[in-house]
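In this text, all values refer to a predicted model and were calculated from it rather than measured experimentally. Read the numbers this way: they start at 1 and go in the same order the structure lists the ligands and their atoms.
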Amino acid sequence: MTGTGHRIGVVAVQGNVREHVAAIERAAPDGVTVVEIRESGVVPDCDALVLPGGESTTISRLLRTEGIDAEIVAHADAGKPILATCAGLIVASRDARDDRVETLDLVDAVVDRNAFGRQVDSFEAPLDVAGLDDPFHAVFIRAPAVDEVAPDVDVVATWEDRPVAVRDGSITATSFHPELTDDARIHRLALFDRLPATA
Ligand code: GLN
């Protein structure tokens, strides 16, 4: 695992920001800096990004009004890692089948926004995740599912036969909230294991 000297940005316009910062700090080797991103101009200095859960319609609107959307796309085009979770997965997808969400088209997949129900239907489950030796305790909250994936997108985990974690190049996206448990393995896998050796 590498990461010393790297800067990890958590997109902080709305959603589960604090939990992701804490999860990155648990996963990170010494010397990693975590920054919260609320305005344009910060993403270009980041080596990896987290796009948190929250409310995808709000997040996509704020990314656009703040001018952060194009910077995230440029980060992805440069092959730098991104972990997108829940609403972050929705925003990162090619199509969320909802005109209120302006997706960034980072993950070549179509998502069903509330596939696993509304708030009352939140649930937790042990998930087998490709690349992890033991199941990951996954917390799903009004979770989306991936409906259609392009052939070059890897399905990393499924629940009830539906993809709930996918990888498209340097982007890892999950339907669930890995930041809500003490287990930092998904952050490590998606961010630190994908960084170059030195910043
Ligand atoms: N389904 C929600 C949305 O559309 C996402 C829920 C979440 O991020 N916990 O934004």
Side-chain angles (χ1 to χ4, degrees), residues 8-24 36-38 48-66 68-69 72-73 76 81-127 129 136-149 153 155-168 171-184 186-187 189-191:
I8 315 296
V10 179
V11 176
V13 293
Q14 194 262 339
N16 300 87
V17 174
R18 212 165 350 111
E19 295 85 348
H20 272 294
V21 171
I24 294 165
E36 297 184 12
I37 300 168
R38 296 192 172 78
L49 294 176
V50 172
L51 198 49
E55 183 55 50
S56 54
T57 52
T58 307
I59 292 172
S60 72
R61 193 185 66 243
L62 292 173
L63 290 179
R64 165 168 275 249
T65 52
E66 293 300 327
I68 302 171
D69 54 350
I72 297 173
V73 172
I82 298 179
L83 171 61
T85 61
C86 203
L89 157 65
I90 298 169
V91 172
S93 72
R94 171 162 52 82
D95 185 1
R97 294 205 190 102
D98 187 330
D99 290 343
R100 292 169 301 167
V101 186
E102 286 222 31
T103 60
L104 298 178
D105 195 10
L106 309 178
V107 175
D108 197 354
V110 178
V111 297
D112 178 0
R113 268 190 66 198
N114 288 303
F116 292 109
R118 309 219 62 89
Q119 196 78 41
V120 285
D121 293 316
S122 300
F123 63 96
E124 303 183 14
L127 263 196
V129 177
F136 190 90
H137 185 82
V139 180
F140 293 83
I141 304 171
R142 289 183 300 125
V146 178
D147 264 355
E148 295 168 25
V149 282
V153 175
V155 175
V156 176
T158 59
W159 182 251
E160 293 177 343
D161 296 327
R162 306 186 80 170
V164 292
V166 293
R167 182 175 304 125
D168 187 350
I171 322 294
T172 306
T174 67
S175 296
F176 52 94
H177 289 267
E179 77 284 8
L180 295 182
T181 63
D182 285 341
D183 187 341
I186 300 266
H187 286 78
L189 205 61
L191 301 172

**Asked** Are Arg142 and Glu55 close enough for a salt bridge, meaning some N to O gap below 4.0 Å?
**Response**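 Yes.
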
Would you call the rings of Phe140 and Phe123 parallel, tilted or perpendicular, taking 30° and 60° as the class edges?
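Ring orientation, 0 to 90° scale: parallel.
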
Measuring from [X]:[atom1] to [Y]:[atom2], what's the distance to the nearest 0.5 Å?
X: Leu49; Y: Ile171; atom1: CG; atom2: CD1; answer: 8.5 Å
X: Arg167; Y: Leu189; atom1: CZ; atom2: CG; answer: 5.5 Å
X: His187; Y: Thr85; atom1: NE2; atom2: OG1; answer: 7.0 Å
X: Leu106; Y: Leu89; atom1: CG; atom2: CG; answer: 10.5 Å

Could you identify the single nearest non-hydrogen protein atom to atom 7 (C) of ligand 1 and state the distance to 0.1 Å?
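Closest protein heavy atom to atom 7 (C) of ligand 1: Cys86 SG, 2.8 Å.
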
Q.
Taking distance alone, with N or O pairs closer than 3.5 Å, would you say Ser56 contacts ligand 1?
A.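 Yes; the residue has a nitrogen or oxygen that sits under 3.5 Å from a nitrogen or oxygen of the ligand.
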
**Asked** Could an N or O of ligand 1 be found under 3.5 Å from any N or O of Ile90, whether backbone or side chain?
**Response**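 No, no N or O pair falls under 3.5 Å.
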
Give the numbers and elements of all ligand 1 atoms closer than 4.0 Å to a heavy atom of [X].
X: Gly54; answer: 5 (C), 6 (C), 7 (C), 8 (O), 10 (O)
X: Asn114; answer: 1 (N), 2 (C)
X: Gly53; answer: 8 (O)

Option nearest atom 4 (O) of ligand 1 (shortest heavy-atom distance, choices Glu55, Arg113, Gln14, Arg100)
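Shortest heavy-atom distance from atom 4 (O) of ligand 1: Arg113.
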
